[in-house]
Amino acid sequence: GDARRSGSVSGTSMYRIIIALVVAAVLASENQEPMARIIKRRDDPLLKMGGILSKVFAEYMTGEENINSSALVNNVSDRLVHSDGSVSVDVVAFGTGTELQELVDELSLIGFQVSSTFHHIASGKIPVSALGDMCNCDKLVLARPVIVRRRAGSVLSEGVQAMEADTVLNNLGFDGTGLLVGVISDSYNARGDADIDIASGDLPPKDRITELKDYPDACDESCDEGRAMMQLIHDVAPGADLAFHTASNGMADFALGIIKLAGLGCQVIVDDIFIFGEPAFQDGIIAQAVNAVNEVGVAYFSAVGNDARQSYECPFVDSGQTLTRDGSVYSLHDFGYGSDPFAPQTHQTLYLPNFSDVYIDFQWDEPFVSVPGSPGSRSDLDIFLFDTPGEVILKESVDSNIGRDPIEMFSLNVTSILISLGRGSDQGYLFTVKVGLLEGPPPTRMKITSFGGGSFIDFPTNSGSSYGHTTAAGSAAVAAANAKVTPPFGVNPALVEAYSSAAGVPILLDEDGNRLPEPVIRLQPRITGPDGTRTSVFGFETFSGTSAAAPHVAGVAALVLEANPHLSPEELFVILEETASDMNDKTIPGREVGFDFRTGHGFVVASAAVEAALNHKGRMKMNTGRKHKHKQKHDNYKLKAIWIDRKNKQKQKGYHGMNNMSRSRTNGISNRSSRGSKSEGKSMKSERGSKTKGSKNRRKLGHLRSYLDGNLS
């Protein structure tokens, strides 16, 4: 039989089966792609899993033969439904005590296989057939599919020359020896041919590579991006050891992977993953994990993303007009910001090119219940995608948000929609977007981001598309410039890739969901690295995107830390910034000097950074022998707290991870940013000017030994 039919649905009540059948039939009659639209009844358990999982469940219940093809687009996630008929999910439990374990135990009875738990979230796989039963669990607040977006030896990366890392290797004698660099991505050896890269010298010997957790189940034509990243690090810092942990299992597993890599002794960690569902205006669990390892000396780098400024951001403005949908009456947003009260603009035009797979992420500034200690949203908003005349709904996301996360998401394959409209040969299409408030207070800030292409036409705000853990206070986001258009190749200043994401998204809520006195703007990305370089990994022979830029910079960090192992993460970041070659964001008219939200402080220059590290005040004699400092430091890391169990966080209101600034460079950052900051966010507080004391954060660092001893196995 079909593997997707495996598992039991014996506990699923008949009314939910009928709902799924009726929903699919209604949508089929509307000639739309099947999608489980559910009228918003607060007592309906199916609302816990949201529209995407409801869609998959409805297709399963109606016997759809190809549930993979319409579940998600290929470029947004590796497959949503696995070959064994299961789907990867993050499940959120009520409370932070024993409730999560009780939920996991209950779900295991219907086939849930847990990968990791972190606070009140568990990552794992569950049979599609059990999704209905999952929603009947009383301890479950919400379930969300794991949707991962990647930021994109015999073969030597051109990035080595572009960053002048060859000067460090050949003239200064540093190669990263004694450093351990952790990599987080999709997979390392899903194809099973990593030994070939080791034999060719594109990776270090096997005894210098640690695989904490790989993800072999979802290999497609572009898997093992993590191995391509590791090749680039090895090109830049061939003496450094490497470690890998997948990010493909979900948010809880991702966050715990960060902690485990730090516990292993990594001084540098780099990732190229964004998981849909990470908060835009609040620090989620992955961002909090990044901040935690930063506090104990780990330099964390993250690819900023490949979505330029494909985002619309503004307050909700009631247009005075309504939309009625299946008995629900929405107050429509005025995209014209109330500029014409007699002719409110209730739609936004979104151009999407043909042959593109796009994911729409819509969020607003209410607390996420999936953030530990945060109460959940007070407002319920939905988003609708119409045809050009604004008459036919082609896509929509109508999840129930009250007490859950303030987010709506949907995917679309533009080609399939154009074919259904009889316009398959068009270069693109002008879709119409509408946003409606169903219940609760109107948000003071909301954000629509089009991942994978597109541009907002009528009322563009050209807002940043990078947020989540990538722009956490403890992270250094990395932008991308093609290696061949950098100063060593005769192009000065280096040219940022057109797709490299802008940041500058404000943090409006603290970790407990309380509104901050004023918005916090983080100066991200911090630096730009090279992409468009070579690896020997199949599918990444030419490795483009910020996924390639970030590991290059992580390799430079290893060189700098070998030169001066006593640098704090913030001191390391500052050195990279102050020695960078200035660049310019071409989306801002005129030539401006200094920081901007596309290129950060400029293109990394490895030779200058290492020289600066050698001359850094207070530098101590270094150990240049091949004694692995990361192994010597392992016990020291375990004696410090990387992560306290934040079920006690309500008792310690004084700490907010987004206010964790450098303990040694706070004033310098503020002065430097003033010389080059653009007009973006001038009225908002720059977080790097904060003077929060490190002692406040250290109050959060209590019992790593008990936590890691129980979670690093």
Side-chain angles (χ1 to χ4, degrees), residues 153-183 198 200-205 207-209 229-243 265-270 297-299 301 476 483 486-489 527 529-530 533-534 549-569 571-581 603-633:
S154 59
V155 176
L156 181 65
S157 167
E158 296 87 342
V160 174
Q161 180 181 349
M163 299 184 300
E164 300 182 18
D166 50 348
T167 300
V168 177
L169 296 170
N170 298 328
N171 299 340
L172 299 178
F174 297 107
D175 64 358
T177 293
L179 275 292
L180 178 62
V181 180
V183 176
I198 293 172
S200 67
D202 289 309
L203 288 175
D207 62 355
R208 290 173 51 201
I209 299 175
M229 294 172 65
M230 294 166 75
Q231 283 195 12
L232 297 180
I233 295 170
H234 185 59
D235 285 345
V236 178
D241 292 358
L242 301 174
C266 291
Q267 297 97 327
V268 179
I269 300 176
V270 59
V298 178
F301 297 88
T486 58
F489 286 89
I527 203 75
T533 59
R534 294 181 296 164
H552 275 107
V553 176
V556 173
L559 300 179
V560 173
L561 288 175
E562 185 191 5
N564 189 341
H566 306 288
L567 296 172
S568 70
E571 289 170 330
L572 168 64
F573 295 157
V574 169
I575 284 175
L576 293 176
E577 294 168 356
E578 292 185 336
T579 59
S581 174
F603 191 79
V604 64
V605 181
S607 57
V610 169
E611 291 279 7
L614 290 170
N615 295 321
H616 188 268
K617 185 178 180 181
R619 172 176 165 264
M620 298 174 63
K621 184 177 180 180
M622 67 201 103
N623 175 13
T624 57
R626 183 170 279 282
K627 291 182 180 179
H628 296 299
K629 291 192 284 290
H630 57 267
K631 298 198 181 293
Q632 296 170 352
K633 289 186 176 183

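Note that the structure is predicted; figures quoted are calculated from it, not measured.
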* Asked: Does a side-chain heavy-atom distance below 4.5 Å link V556 with F301?
  -> no

Rounded to the nearest 0.5 angstrom, the CG-CG distance for D175 and L559 is 7.5 Å

Determine yes or no for a side-chain-to-main-chain donor-acceptor pair under 3.5 angstrom, with R208 supplying the side chain and G239 the backbone.
yes

Answer whether the closest heavy-atom distance between the side chains of V183 and P551 falls below 4.5 Å.
no

Practice problem: Compare all side-chain heavy atoms of D202 with those of H234 and state whether any distance is below 4.5 angstrom. | Solution: no

> Sub-3.5 Å donor-acceptor pair from the side chain of E158 to the main-chain atoms of R534, do we have one?
Replying inline: yes

- V168 versus M163: any side-chain heavy-atom pair under 4.5 Å? no

What one should report as the nearest heavy-atom pair of A609 and L576 is CB-CD2, 3.9 Å

Of all heavy-atom pairs linking C266 and V298, the shortest is O-CG2, 3.4 Å

Here the pair of heavy atoms bringing T579 nearest to A608 is CG2-O, 3.6 Å

Note: A558 and A237 closest approach over all heavy atoms is CB-CB, 4.0 Å

Interatomic distance, NE2@H552 vs CG@L232, rounded to 0.5 Å, equals 4.5 Å

CG of L179 to CD1 of I233, rounded to nearest 0.5 Å, is 11.0 Å

I198 vs I209 side-chain heavy atoms within contact, under 4.5 Å: yes

Does the Q161 side chain pair with the main chain of D166, one donor and one acceptor, at a distance under 3.5 Å? no

Interatomic distance, CG@L572 vs CD@Q267, rounded to 0.5 Å, equals 11.5 Å

For residues I575 and N564, determine if any side-chain heavy atom of one lies less than 4.5 Å from a side-chain heavy atom of the other. no

Nearest heavy-atom approach of F603 to G529 is CE1-C, 3.6 Å

What one should report as the nearest heavy-atom pair of G159 and T533 is N-CG2, 3.5 Å

